[in-house]
Amino acid sequence: MKLYNTLTRKKEDFKPIREDKVTMYVCGPTVYNYIHVGNARPFVVFDVLRRYLEYKGYEVDYLLNFTDIDDKMIKRANEEGKTVKEVADRFIGEYLIDAKGLNLKEETTRHPRATEHIDDIIEFIKGLVDKGYAYSANGDVYFDVTKLEDYGKLSKKNIEELISGARVQINENKRHPMDFVLWKSEKPGEPSWDSPWGKGRPGWHIECSVMARKYLGDTIDIHAGGEDLQFPHHENEIAQSESLTGKPFANYWLHNGMINNQNVKMSKSKNNFFTVREISKEFDLEIIRFLILSGHYRKPINFSRDLVIQAKNGLDRLYNGKKNLEHLMDVCEDKELTDNDKDMLKAIEQFKAQFIESMDDDLNTPDGITALFELVKYANSNFSHETPKSVVKKAYDVLVELSNVLGILSKQEELLDEEIMELIEKRNEARKNKNYELADKIRDELKEKGIILQDTPQGVKWKRV
Ligand SMILES: Nc1ncnc2c1ncn2[C@@H]1O[C@H](COP(=O)(O)OP(=O)(O)OP(=O)(O)O)[C@@H](O)[C@H]1O
Ligand SMILES: [Zn+2]
C-alpha cells in the first residue's frame with residue numbers, strides 16, 4: 001500500500017515497524033463543544049485507514065486523544081459557571097454519541113485525556129529541560145527551537161520564514177520568538193497542578209508527544225490529523241519527541257484536507273460550521289460518513305446541502321443494490337455453473353481487485369466507492385431469478401466485505417410491524433404442521449433482525465432489542 005507522507009512530500013510504500021502490527025495516533029477533539037463536520041473528517045478518514053489495515057491483516061493499535069485542558073476549555077467553563085472537568089466530561093459524552101452515529105470503531109480505540117497524564121507530562125518536560133532543549137522562566141517552561149537544526153522539517157519552513165509569517169506574540173519570558181510553551185504558570189481562576197516550576201498547566205502540543213510515547217512507543221508508524229495541524233502543532237510534537245528520545249517520532253505523517261463552507265475553512269472561531277449533531281436531526285450520519293469518503297482525503301471538500309443530498313442518493317443506490325441481492329439469494333437456486341456463470345464470478349472478483357487497488361493507492365476511497373457502484377450495476381444488469389445462488393451470494397459477500405472496510409451499509413433494514421406479524425403467523429402455521437425446523441428458522445431470522453419472540457400462554461409476543 002502507498003501512503004502520501006507529508007514529511008517527504010511523496011507517496012511511499014507503507015511498511016510498519018513490526019510486521020503484523022501498526023501503531024496509529026490521531027489528534028482528537030478539544031472537548032469544549034460539539035464536533036462539526038470538519039472535525040469529523042479526520043475521524044472518519046483515519047477510521048477507514050485503520051479498518052483497511054485491519055482488513056489487510058494488521059493488528060492496529062489506534063489512539064485518538066481528547067484535549068481536555070486549554071484556553072478554549074477554560075473559557076467555556078467560565079461562561080457556563082462549570083468546572084473544566086464538567087465541560088470535558090459532557091462533551092466527551094457528546095463526542096461518543098456522534099462517533100457511534102458516524103460508525104467509528106470505538107470498541108478498540110484508546111481515548112487518553114491530557115489531564116489524566118499530568119505526571120507523565122511533567123516527567124517529559126523535565127527530561128527536555130535536563131537535556132538542555134527547554135528552559136523555565138517565571139514559572140513557564142519553553143522549548144528552545146534554536147537548539148534544533150531541523151525545526152520546520154514537516155511544514156518545510158525555516159525559522160526566519162516562520163517568524164516573518166507568523167503573528168508571533170510578544171512574550172518577555174521567551175528567548176526566541178518561535179519558542180513554544182510546554183508548561184504555563186498558574187493564572188487566577190484556572191485549573192492548575194503542582195510541578196517543579198510551580199503551579200501551572202501543560203501547553204497543548206506536549207500532551208500528544210507524551211501520550212503517543214506512553215501508549216505506542218518512542219517511534220510510531222502513523223501520526224495523523226487535519227492539515228491545519230502541520231504547523232505549529234505537529235512540528236512542535238516532532239521537536240519535543242525527537243529531542244527527548246533521539247529517535248524519529250513518526251514514520252508516516254498523514255494529513256486530511258479541509259472541509260470548507262463556501263470555500264472558507266469550517267471553524268468554530270469563524271462561526272461558519274454545522275455540528276454533526278444538528279445534521280443528525282435530519283439525516284442519518286452514515287450519509288455524512290459517505291459524503292466524507294466520496295472525496296479523496298487530501299483534497300478540500302466544499303460542504304453544502306446539495307452535497308449531502310447527493311451523498312444520500314449515492315448511499316441509497318448501494319442499499320438498493322444490497323437489497324436486490326438479498327432478494328435474489330432468497331429466490332435463486334443452487335445450480336451447476338455454466339461458463340457464463342464462471343465469467344460472472346471472475347467479473348465480481350475484478351471489482352474487488354479494483355477496490356483494493358484504489359485503496360492501496362493512498363487510500364483512494366472515491367475510486368473504491370466507484371468499484372462498489374460498478375459491482376451493484378453489474379449485478380442489476382446481469383443477474384436474474386435464473387442465476388445460480390452461489391454467484392449471487394458471491395456478489396453479496398464481496399459487497400458486504402468491502403462496505404465493511406468503508407464502514408457503510410451498516411444499517412440493518414428495520415422490519416415493519418406487519419412484516420413481523422406475518423412471519424409470526426408463518427411460524428405458528430409451521431408449528432401446527434409440526435415443521436419445527438422451519439419454525440426455528442423463522443425465529444432465528446427474526447432474532448438476527450433484532451426481534452425477540454416469547455411464547456406465552458396468551459400466544460406469541462415480540463419485542464425489539
Ligand atoms: N474544517 C476542517 N476540515 C477538516 N478537518 C478539520 C477542520 N477543522 C478542524 N479539523 C480537524 O479536526 C480535528 C479536531 O481538532 P480540534 O477539536 O482541535 O478542532 P479545532 O481546530 O478546534 O476546530 P476549529 O478550527 O473549528 O476550532 C483536528 O485533526 C483538526 O485538524
Ligand atoms: Zn496532537
Side-chain angles (χ1 to χ4, degrees), residues 6 24-47 49 63-76 87-88 91-92 94-95 98-99 102 104 110-114 117 121 124 154-155 180 182 202-216 220 222-241 249-250 253-276 288-289 291-293 295-304 307:
T6 309
M24 251 181 109
Y25 188 101
V26 181
C27 290
T30 309
V31 285
Y32 69 102
N33 203 340
Y34 292 98
I35 58 166
H36 57 65
V37 188
N39 302 135
R41 188 176 196 185
F43 307 149
V44 167
V45 161
F46 298 118
D47 178 75
L49 175 57
L63 191 154
L64 190 149
N65 70 301
F66 289 136
T67 298
D68 62 351
I69 176 79
D70 85 334
D71 292 344
K72 294 181 232 170
M73 296 282 319
I74 293 168
K75 186 163 170 271
R76 175 96 193 205
V87 171
F91 286 108
I92 286 174
E94 303 295 4
Y95 172 87
D98 291 338
L102 290 165
L104 305 181
R110 297 176 199 253
H111 286 303
R113 294 167 66 154
H117 295 81
I121 291 174
F124 198 111
L154 180 72
S155 48
F180 58 89
L182 301 170
W204 170 34
H205 317 300
I206 192 72
E207 70 180 81
C208 291
S209 283
V210 170
M211 297 192 286
R213 182 172 189 229
K214 173 159 181 163
Y215 294 103
L216 305 176
I220 57 181
I222 299 173
H223 195 312
E227 68 185 11
D228 55 333
L229 299 186
Q230 283 174 22
F231 184 84
H233 184 55
H234 288 164
E235 202 71 73
N236 292 350
E237 285 188 38
I238 293 176
Q240 297 159 161
S241 295
F249 178 37
W253 283 89
L254 267 53
H255 292 101
N256 63 273
M258 292 295 103
I259 290 195
N260 299 326
N261 184 354
Q262 298 180 354
N263 297 311
V264 177
K265 181 198 159 185
M266 197 180 278
S267 161
K268 284 168 215 146
S269 57
K270 295 201 198 82
N271 214 12
N272 63 347
F273 62 92
F274 297 96
T275 64
V276 167
I288 298 304
R289 185 174 174 104
L291 179 157
I292 289 171
L293 298 176
H296 188 270
Y297 77 93
R298 286 194 287 122
K299 300 220 177 89
I301 291 180
N302 215 6
F303 187 79
S304 68
L307 209 60

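Whatever order the structure lists ligands and atoms in, that order sets their numbers, starting from 1. Small disclaimer: the values here were computed from a predicted structure and weren't measured. Index from 1, following the sequence.
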How far does [atom1] of [X] sit from [atom2] of [Y], to the nearest 0.5 angstrom?
X: Thr30; Y: Asp70; atom1: OG1; atom2: CG; value: 5.0 Å
X: Tyr297; Y: Asn256; atom1: OH; atom2: CG; value: 9.0 Å
X: Leu293; Y: Asp47; atom1: CG; atom2: CG; value: 9.0 Å
X: Asn236; Y: Ile206; atom1: CG; atom2: CD1; value: 9.5 Å

Ring centre gap for Phe274 and His36 strictly below 6.0 Å = no
Over 60° means perpendicular and under 30° means parallel, so classify the ring planes of His205 and His233, tilted if in between.
-> tilted
Parallel, tilted or perpendicular: rings of Phe43 and Tyr95 (30°, 60°) = perpendicular
Closest non-hydrogen contact found for Asn65 with Cys208 is ND2-SG, 3.9 Å
Who are the residue neighbours of ligand 1 when the rule is a heavy atom under 4.0 Å from any of its atoms?
-> Cys27, Gly28, Pro29, Thr30, Tyr32, His36, Gly38, Asn39, Pro42, Phe43, Lys72, Gly225, Gly226, Asp228, Leu229, Asn256, Gly257, Met258, Ile259, Lys265, Met266, Ser267, Lys268
Neighbouring protein N, O or S atoms of the Zn ion (ligand 2) [cut-off: under 2.8 Å, no waters] | Cys27 SG, Cys208 SG, His233 NE2, Glu237 OE2
Answer with yes or no whether the side chains of Glu237 and Ser209 bring together a donor and an acceptor at under 3.5 Å.
-> no
